[in-house]
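Lettering of chains follows the sequences in order, A, B, ..., and the numbering in each one begins at 1. Everything numeric here is computed off the predicted structure, so don't read it as measured data.
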Number of protein chains: 2
Amino acid sequence: MDKFTIKDIAKLAEVSTATVSNFLNGNYAKMSNNTRTKLANIINKTNYHPSTTARNLAKNENKTIGVSVADITNPFTTPVISGISERCEKYGYKVIFTNSNNDEQREIENINRMREEEVAGLIIDPVNPDSNIYNQLSNAYTVIVDRQPRRNVIDTIVTDNRDSVKNMVAQMQANGYEDLYFISWPLDSFSTRVNRYAGFKLATNYLDDEHLLTVPYNTELTKSNGFDQVLKKIMTNPHKKIGFFTMNSRVLLQLLKSAQRLNYTYPTDFGVATYEEFEWMQLLNPGISCIRQDSFTIGCSAMNLLKDKLETTFTNEPAPQVKVVPTDMIIRESF
Amino acid sequence: MDKFTIKDIAKLAEVSTATVSNFLNGNYAKMSNNTRTKLANIINKTNYHPSTTARNLAKNENKTIGVSVADITNPFTTPVISGISERCEKYGYKVIFTNSNNDEQREIENINRMREEEVAGLIIDPVNPDSNIYNQLSNAYTVIVDRQPRRNVIDTIVTDNRDSVKNMVAQMQANGYEDLYFISWPLDSFSTRVNRYAGFKLATNYLDDEHLLTVPYNTELTKSNGFDQVLKKIMTNPHKKIGFFTMNSRVLLQLLKSAQRLNYTYPTDFGVATYEEFEWMQLLNPGISCIRQDSFTIGCSAMNLLKDKLETTFTNEPAPQVKVVPTDMIIRESF
DNA sequence: CTGTTAGCGCATTCAT
DNA sequence: ATGAATGCGCTAACAG
């Protein structure tokens with residue numbers, strides 16, 4: 001590629017490198033209009049571009065932020081990345097990505113690698129938000145998205161998990177559904193799942209966990225995994241209108257597949273609603289009521305917040321905050 | 001973060017910075033075993049990490065590669081990125097991402113920005129592979145994926161578009177389907193679409209384009225856009241078994257939605273197969289026969305190739321090649 | 001307004 | 001086997 005340096009430009013323009021540097025940094029006050037236009041011309045003609053590497057070294061700063069995502073194949077992730085990228089571009093940051101592939105060890109390595117490479121800030125979609133690797137990270141330069149740590153030491157951007165579920169389930173109740181079930185992958189301590197379930201309990205007032213149904217994570221849809229039995233048992237219990245809320249679209253897929261095998265249909269035999277919305281849901285007839293989360297906005301918010309933290313100097317560090325991004329409730333004909 | 005430099009380490013170990021540098025670069029031959037272990041200890045204890053920025057500047061190299069994707073929300077893209085990332089990690093490259101959002105202008109800006117930032121190489125999933133921006137790029141440091149330029153000047157990794165469609169359609173013919181249609185977004189000059197259609201014609205030997213049905217790009221599934229009429233007309237033509245091949249999953253969605261509205265079902269009223277496979281297809285009953293492409297491998301191959309190009313010095317530049325990544329044909333019950 | 005100069009953190013001859 | 005010196009391309013005082 002081009003081999004021009006600031007020296008070459010200085011020589012061509014018959015000025016010093018300092019003047020060129022000033023020009024590059026927009027300090028036009030420090031030069032005559034004459035040299036300013038001359039420089040502009042030369043730089044334009046030579047197609048010269050300052051080396052970011054050298055610049056970073058000299059200024060001892062690095063305008064790149066590092067992103068670690070838990071699982072890039074998770075459809076939730078893509079819009080988040082998209083939001084982050086767009087923001088970074090706008091703010092003049094570069095962004096480097098790593099994928100943990102749901103592997104906690106891998107995540108640790110990735111984060112460490114990025115830190116060693118002196119990124120200015122970190123945005124993390126954590127595999128396990130309660131991992132203690134985050135304790136070594138400073139809230140001054142990192143933001144967590146999606147999954148929320150139990151002990152909050154770092155700013156976190158999450159979607160409205162609890163209240164949106166609560167509202168949707170309340171809606172189901174308003175439509176006469178009395179026997180409600182929350183279907184989810186194992187809750188473990190994933191805040192997304194836990195909070196969605198919390199919303200469910202808030203609406204239903206169930207005291208125990210009898211209405212929490214779990215299906216195994218990442219299983220083949222073609223196999224029943226015993227869920228068929230569970231479903232069958234529930235469905236043969238005829239006193240009340242039965243409704244299901246699924247924790248995400250892949251769980252919904254499990255439920256529908258199971259129902260298909262057992263020949264149950266909605267909204268006749270049961271009502272259903274889900275967290276998440278995807279294009280393929282439009283194929284389903286009747287349409288599925290769902291909670292649409294705005295992942296793109298989550299990405300944007302994360303970067304906005306990070307930029308603020310990076311570029312403002314606080315006299316005293318503010319307490320870590322949790323920002324909740326609102327969702328849309330889409331009502332269709334599934335209950 | 002840490003403020004240790006190579007000087008500090010040198011001082012602590014009572015050696016010169018040169019020795020430390022040699023240690024860091026694995027030139028153990030140039031020092032005694034004694035200083036080697038001493039250095040190892042100190043570096044370990046101080047948690048010192050050399051500055052990649054300074055290193056890059058000194059060596060005048062930059063181990064990061066730039067990736068430009070046409071549309072990050074395209075489900076094809078995610079596994080490609082995943083493959084690239086994984087490879088980069090393995091080979092010790094960093095990777096920076098940009099999203100063109102299907103905007104050619106934006107893509108140009110992104111690519112230029114990355115070039116200015118002195119990335120070592122470029123992997124491009126192009127918005128418009130025939131754009132002349134690629135003429136300014138050297139085949140020495142760039143690889144194109146997915147969409148294939150008509151005039152090939154840069155190495156390209158694509159999925160097996162033509163032959164896999166040909167084979168699938170031949171399969172449909174073997175099952176007795178005689179009136180076959182290829183449904184696609186407008187072909188324009190997108191190589192993916194063009195090549196898939198070429199495969200279709202190869203199998204069917206249709207001479208004209210009467211059996212090419214196009215649906216508008218990115219439309220709401222809930223609207224018919226006139227496709228319902230087209231479908232209806234075809235379906236009322238009863239002499240032969242009718243079969244459809246859809247160019248990708250989103251087009252499949254269009255077809256199925258339309259069929260749903262008109263109350264046609266497969267494989268009774270028509271047979272169908274599609275390019276691409278996604279998880280939600282498992283919901284469809286009967287199952288849809290499809291061509292599964294290995295996007296992850298495409299990403300890996302792209303990075304493999306790029307690494308080769310970057311790290312080997314050619315006496316004479318080899319001619320640009322097109323690498324075709326094979327697909328899987330999944331036969332289910334949709335025809 | 002413009003030029004001189006001393007770093008930024010590291011790699012790399014060339015001596016010793 | 002080790003060290004001193006020089007430079008990578010740029011920025012930021014400080015002089016003038």
Side-chain angles (χ1 to χ4, degrees), chain A residues 1-43 46-64 92 94 115-120, chain B residues 1-43 46-64 92 94 115-120:
Chain A
M1 308 197 188
D2 308 312
K3 273 311 214 177
F4 281 103
T5 77
I6 202 172
K7 258 187 207 160
D8 300 320
I9 304 298
K11 208 167 288 170
L12 284 173
E14 296 173 306
V15 297
S16 80
T17 62
T19 307
V20 180
S21 176
N22 278 325
F23 177 88
L24 292 174
N25 291 294
N27 300 329
Y28 303 127
K30 295 189 177 180
M31 71 196 68
S32 68
N33 252 322
N34 192 15
T35 62
R36 176 174 169 179
T37 54
K38 184 162 53 169
L39 246 18
N41 279 329
I42 293 184
I43 289 178
T46 57
N47 193 27
Y48 160 78
H49 291 288
S51 151
T52 15
T53 310
R55 204 169 215 168
N56 286 341
L57 183 57
K59 298 178 97 153
N60 196 18
E61 76 169 24
N62 191 345
K63 297 267 278 186
T64 104
K94 278 182 295 183
R115 290 185 66 198
E116 288 166 19
E117 278 158 7
E118 308 148 331
V119 294
Chain B
M1 308 198 190
D2 307 313
K3 274 310 214 175
F4 281 103
T5 76
I6 202 172
K7 257 187 208 160
D8 301 320
I9 305 299
K11 206 169 289 169
L12 284 173
E14 295 172 310
V15 297
S16 80
T17 62
T19 308
V20 180
S21 175
N22 278 325
F23 177 88
L24 292 174
N25 291 293
N27 300 330
Y28 303 128
K30 296 190 177 177
M31 70 196 69
S32 67
N33 252 321
N34 192 16
T35 61
R36 177 175 170 177
T37 54
K38 185 160 53 168
L39 245 18
N41 279 329
I42 293 184
I43 289 178
T46 56
N47 193 26
Y48 161 79
H49 291 289
S51 151
T52 16
T53 310
R55 205 168 214 170
N56 286 341
L57 183 58
K59 297 179 99 154
N60 195 19
E61 77 170 23
N62 190 346
K63 297 266 278 185
T64 103
K94 279 182 294 183
R115 292 184 64 197
E116 288 166 18
E117 278 157 8
E118 308 149 331
V119 293

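Checking dC8(D), dT2(D), dG3(C) against the side-chain heavy atoms of Thr19(A) singles out dG3(C) as nearest. Residue Arg55(A) has its side chain nearest to dC10(D) when only dG3(D), dA13(D), dC10(D) are considered. With dG7(C), dT2(D), dT2(C) as the candidates, the nucleotide lying closest to the side chain of Thr35(A) is dT2(C). For Ala18(A), the listed nucleotide lying nearest its side chain is dA13(D); candidates were dA13(D), dC10(C), dC8(D). Side-chain atoms of Asn25(B) lie closest to dA11(C) of the nucleotides dA11(C), dT2(D), dT11(D). The side chain of Val15(B) has dG3(D) as its nearest neighbour among dG3(D), dG7(C), dT2(D). Each of dT2(D), dC10(C), dA12(D) was ranked by its minimum atom distance to the side chain of Lys59(A); first place goes to dA12(D).
For the pair Thr46(B) (side chain) and Ile42(B) (backbone), a donor-acceptor distance under 3.5 Å is present. Judged by distance alone, the side chain of Asp8(B) and the main-chain N or O of Thr5(B) form a donor-acceptor pair under 3.5 Å.
Listed pair Asn60(A) / dT11(D) fails the phosphate criterion, with no side-chain N or O lying under 4.0 Å from OP1 or OP2. For dG9(D), the OP1/OP2 oxygens have no side-chain nitrogen or oxygen of Tyr48(A) closer than 4.0 Å. For the pair Thr17(B) and dC10(C), the criterion of a side-chain N or O lying under 4.0 Å from OP1 or OP2 is not met. Considering only side-chain N and O atoms, Ser16(A) lies under 4.0 angstrom from the phosphate OP1 or OP2 of dG3(C).
The closest side-chain heavy-atom distance from Ile9(B) to Phe23(B) is not below 4.5 Å.
At the heavy-atom level, Glu61(A) lies nowhere under 4.0 Å from the strands shown. Nucleic acid contact for Ser21(B): base, since at least one base atom lies under 4.0 Å from a heavy atom of the residue.
At whole-Å resolution of the value, CZ in Arg36(A) and P in dC1(C) are 12 Å apart. Counting to the nearest Å, the P atom of dT2(D) and the OH atom of Tyr28(B) are 14 Å from each other. In this structure, CG of Asp8(B) is placed 13 Å from C1' of dC8(C), rounded to the nearest angstrom. Spacing between atom NZ of Lys11(A) and atom P of dG3(C) amounts to 14 Å, rounded to whole angstrom units. One interatomic measurement links the two molecules: NZ of Lys38(B) to P of dA1(D), which rounds to 15 Å at whole-angstrom precision. The nearest whole Å value for the distance from the CD1 atom in Ile6(A) to the P atom in dT5(C) is 16 Å. One can place CG of Asn56(B) at 10 Å from C1' of dC10(C), the figure rounded to the nearest angstrom. Rounded to an integer number of Å, the gap from CE of Met31(B) to P of dT12(C) is 13 Å.
Considering CG of Asn34(A) and CZ of Arg36(A), their distance stands at 12.0 Å, rounded to 0.5 Å. Here the CG atom belonging to Leu24(B) is positioned 6.0 Å from the CZ atom belonging to Arg55(B), to the nearest 0.5 angstrom. Rounded to the nearest 0.5 angstrom, Lys94(B) NZ and Thr64(A) OG1 are separated by 6.5 Å.
Nearest-nucleotide mapping onto DNA chain C: of Ala58(A) and Leu24(B), the residue sitting toward the 5' end is Ala58(A). Residues Thr53(B) and Asn22(B) each lie close to DNA chain C; by heavy-atom proximity, the contact nearer the 5' end of the strand is made by Thr53(B).
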